[in-house]
Each structure stands twice: as structure tokens, then as C-alpha cells.
Amino acid sequence: MAIHLTKESKILVQGMTGGEGMKHTRRMLAAGTNVVGGVNPRKAGRTVDFNDRPAPVFGSVAEGVDATGADVTVVFVPPAFTKAAVTEAADAGIGLAVVITEGVPVHDSVAFLAHARRRGTRVIGPNCPGLISPGQSVAGIIPADITKPGRIGLVSKSGTLTYQLMYELRDIGFSTCVGIGGDPVVGTTHIDCLAAFQDDPDTDLIVLIGEIGGDAEERAAAYIRDHVTKPVVGYIAGFTAPEGRTMGHAGAIVSGSSGTARAKQQALEAAGVRVGRTPTETARQVLAVLDAGA
């Protein structure tokens, strides 16, 4: 099994005919993803050939859903059009919208996330790398060739650290890796993924990657303490961040001791989570937990 994305998922790409959309659609197809078409109102009716894999272009998400039965969309549109794209997908009955776009205004995110929630559409992102169920499907920009199927579930704010832990633990493999994005407001949280991995019979251990700023990791720690029985290993980016300096990531806002890497580490460890100080140490912690349970 996997969470949110399987080999049966049928994927539309909003913005497929743009530069980034074309590049990553080609990569998704090469990984075996079932991309059933793209959406661009100005190019509706055309077909794009991806190495002898034709993908039709629809004028709207609703047309794509009617023609293909698509249940997932990956959004590669500019920030100014992201709100309309996600709203359109939700209104078309798409079950999962993966929003790769960076720089979406927060008030737009709040609006389209509320609309998607009312429509029953799960949103991952914005400003995220997407998700991958290795050996089954990729929705987004996560490389498919750096790991293999396995029994670790990964949820991460950081795209780069998602890739690094995937690579560090490539010999073990993953059920699903989810990059939730680092914006202040995102559609899917650590807690959402923790709950899904807890219920997934093919996930034996969960890796949680957070970063300085906000209180998402502290809230995740409370959830782990009360609801998660599977082992969790964590890593918090930002242990060496200088005090009193604004950091670049959109969600990395630290006030006093709140939101610091140390505070998050303490909250997670109090919930029974092993926390590594570096990605490599975190991978070693995973291996130690798996060896202990063997």
C-alpha cells in the first residue's frame, strides 16, 4: 500500500505545456506515473508527445476528468493563477491536488484551501515537491531514481531534505514520501501524514522532517504522543541558525524560544521520537530502530 498516491492514480497536469510542466511530466511518465493528460485552455484539443507517450491537452479540469477519470492533479501554474487552478480542480471533483508553485500569496492559499476542504479535495502544498510512492507513482518533482519501495513513511517540510533522506535510506526504501511544503499555510500537515502512515499496514516506521519556525512540529509531537504507535524518527533543520536573524524559508519565523530547533527537538523527544542532529545521523537512527525491531 501507500498513502494518497498509488499506481492506480490517474494524474492531470495543470500547466503541462509550460517549461516546468513539460519537463516534470516527462520525468513522471518515465517513472511509470499514469499521466492521463494536461490542462491549458489556450491549447485545448492538442496532443503532446512525450517520447511516444501521447498526452491530450484539455480546456478545463472538468473536461479532463470526464474524459479520463482523473483523480489527481499536479499544478504547475504561475502564482497569480494558482488560486483559480486549485479552485477549478476542486470544483471538478479532483480528490488530490498537488501544488508545486512557489510564491503563492498567503491570502490566496487560505482561500483555495478552504474551498478545497469544502469540496473534499486534499491539497498538498503549495510550494512543495509533491509526493512519491516508489515503484508506483510520482506526483510532482521528486526524483524517482534515488530510492526504492520499502516500509518507511516520510513526511517533510523541506524538498531538499526529502531527497537526502530518500537517498540515505535507499537500501531500505519507502512506502510513500510526502513533501508538504514550508509555507505558513499548507493543505496537508505533518499530523495528516502521521495519521495516514499510522493506518497504513505497509508502513513500519515514520520519518518526520521539520524546520525552525512556527509550531507545526510541536503539534505533531503531541499527536504522536497520543495517537501514533509506530516508531518515529525526526530531524529539525536549523540547529545552527543564528539567533535574531530572519531566515529565507517562508515558514521559518522564530519568536524568542518558540519555533527554535531545540524547542522542537525537546517536544518530539518528550513524545518518544528519536531526533537526529544531521540528516546522516537521522538515517543512522532509523537503521538503529529497524535493527532493534528485527
Side-chain angles (χ1 to χ4, degrees), residues 2-16 18-39 50 55 61 70-79 82 85-86 89-90 94-104 109 112-113 116 121-147 149 152-167 174-183 185-190 192-193 196-197 207-209 249-251:
I3 69 167
H4 306 321
L5 186 72
T6 70
K7 61 184 178 182
E8 283 78 30
S9 299
K10 297 179 179 179
I11 296 178
L12 287 173
V13 180
Q14 289 174 264
M16 184 183 74
E20 291 300 305
M22 290 282 286
K23 177 174 68 176
H24 291 292
T25 298
R26 186 173 288 108
R27 294 179 67 183
M28 286 189 280
L29 284 166
T33 302
N34 187 16
V35 177
V36 296
V39 178
F50 293 95
V61 178
D71 52 5
V72 177
T73 182
V74 183
V75 179
F76 285 104
V77 304
T82 301
V86 179
I94 287 285
L96 175 66
V98 181
V99 185
I100 308 301
T101 310
E102 182 178 2
V104 179
S109 296
F112 71 65
L113 289 173
T121 298
R122 173 176 295 282
V123 177
I124 296 177
N127 188 19
C128 77
L131 70 163
I132 177 172
S133 296
Q136 298 192 58
S137 187
V138 184
I141 64 175
I142 298 177
D145 58 354
I146 58 174
T147 194
I152 301 171
L154 172 65
V155 53
S156 173
K157 275 187 179 180
S158 165
T160 303
L161 292 173
T162 300
Y163 313 152
Q164 182 167 354
L165 264 296
M166 286 171 60
Y167 181 76
F174 293 82
S175 54
T176 302
C177 304
V178 186
I180 60 174
D183 278 6
V185 179
V186 294
T188 296
T189 66
H190 285 117
D192 295 327
C193 292
F197 283 132
V207 176
L208 182 150
I209 300 175
H249 215 280

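Note that this is a predicted model, so its numbers are computed, not measured. Computed from heavy atoms alone, side chains included, the values below leave out hydrogens, waters and symmetry copies.
- A55 and G37 make their closest contact through CB-CA, 4.4 Å (heavy atoms, listed as atom of the first residue, atom of the second, distance).
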Inset, instruction - Could you walk me through whether S137 and S9 pass side chain to side chain donor-acceptor pair (under 3.5 Å), step by step? - result: CA-CA 8 Å; S137 187; S9 299; 5.3 Å; no

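- Interatomic distance, CD1 of I3 versus OG of S133, reported as 7.5 Å (0.5 Å rounding).
- Side-chain contact between V104 and F112 is present, with heavy atoms from C-beta onward closer than 4.5 Å.
- Side-chain contact check for I11 versus L5: some heavy-atom pair is nearer than 4.5 Å.
- By the 4.5 Å heavy-atom criterion applied to side chains, N127 and T101 are not counted as neighbours.
- Annotation: side chain of P143 is not in contact with side chain of Y167 (no heavy-atom distance under 4.5 Å).
- Listed by chain and residue number, Q14, V61, T73, I94 satisfy the side-chain contact (heavy atoms from CB on, under 4.5 Å) test with A89 (two or more places apart in sequence, or in another chain).
- Pairing each heavy atom of G187 with each of L113, the nearest pair is CA-CD2, 3.4 Å.
- F76 is linked by a ring-ring contact (aromatic ring centres under 6.0 Å, His included) to H24, counting only residues two or more places apart in sequence or in another chain.
- Contact check for L165 versus I209: side-chain heavy atoms found under the 4.5 Å cut-off.
- Partners of T188 under the side chain to side chain donor-acceptor pair (under 3.5 Å) rule, at least two apart in sequence or in another chain, are R122.
- Between the side chain of S156 and the backbone N or O of G179, no donor-acceptor pair lies under 3.5 Å.
- Annotation: side-chain hydrogen bond (donor to acceptor under 3.5 Å, both in side chains) contacts involving residues 27-36, sequence neighbours excluded, are absent.
- When all heavy atoms are compared, the tightest approach of V186 to G181 is CG1-O, 3.9 Å.
- Annotation for A31 and V138: closest pair CB-CG2, 3.9 Å, computed over non-hydrogen atoms.
- Listed by chain and residue number, nothing satisfies the side chain to side chain donor-acceptor pair (under 3.5 Å) test with T25 (two or more places apart in sequence, or in another chain).
- Side-chain contact between H4 and T176 is absent, with no heavy atoms from C-beta onward closer than 4.5 Å.
- When the side-chain contact (heavy atoms from CB on, under 4.5 Å) test is applied to T189, the partners found at least two apart in sequence or on another chain are I191, D192.
- Side-chain contact check for Y163 versus C177: every heavy-atom pair is 4.5 Å or farther apart.
- A donor-acceptor distance shorter than 3.5 angstrom exists from the side chain of Q136 to the backbone of K7, with no hydrogens or angles considered.
- Listed by chain and number, the residues in a side chain to side chain donor-acceptor pair (under 3.5 Å) with T82 amount to none (sequence neighbours excluded).
- Evaluation of the side-chain contact (heavy atoms from CB on, under 4.5 Å) rule for C128 yields V98, I100, I124 as partners, not counting sequence neighbours.
- From I152, atom CD1 reaches atom CE of M166 across 11.0 Å, with rounding to the nearest 0.5 Å.
- Not counting sequence neighbours, the partners of K23 by the salt bridge (charged side-chain N to carboxylate O under 4.0 Å, His left out) test are E20.
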Inset, instruction - Would you please test M28 and F50 for side-chain contact (heavy atoms from CB on, under 4.5 Å) and show each step? - result: CA-CA 11 Å; M28 286 189 280; F50 293 95; over 6 Å; no

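- Scanning all heavy atoms of the two residues, the minimum distance from V77 to A85 falls at CG2-CB, 4.0 Å.
- Residues passing the side-chain contact (heavy atoms from CB on, under 4.5 Å) test with P134, sequence neighbours excluded: I132, T147, P149, F174.
- Remark: Q164 pairs with E168 by the side chain to side chain donor-acceptor pair (under 3.5 Å) rule, at least two apart or across chains.
- Between V36 and L12 there is a side-chain heavy-atom pair separated by less than 4.5 Å.
- Heavy atoms only, all atoms of each residue included: G159 and P129 are closest at CA-CG, 3.8 Å.
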Inset, instruction - Take V39 and V13, measure what side-chain contact (heavy atoms from CB on, under 4.5 Å) needs, and give me the verdict at the end. - result: CA-CA 6 Å; V39 178; V13 180; over 6 Å; no

Inset, instruction - Could you check H190 against I180 for side-chain contact (heavy atoms from CB on, under 4.5 Å), going step by step and ending with a plain yes or no? - result: CA-CA 8 Å; H190 285 117; I180 60 174; 4.0 Å; yes

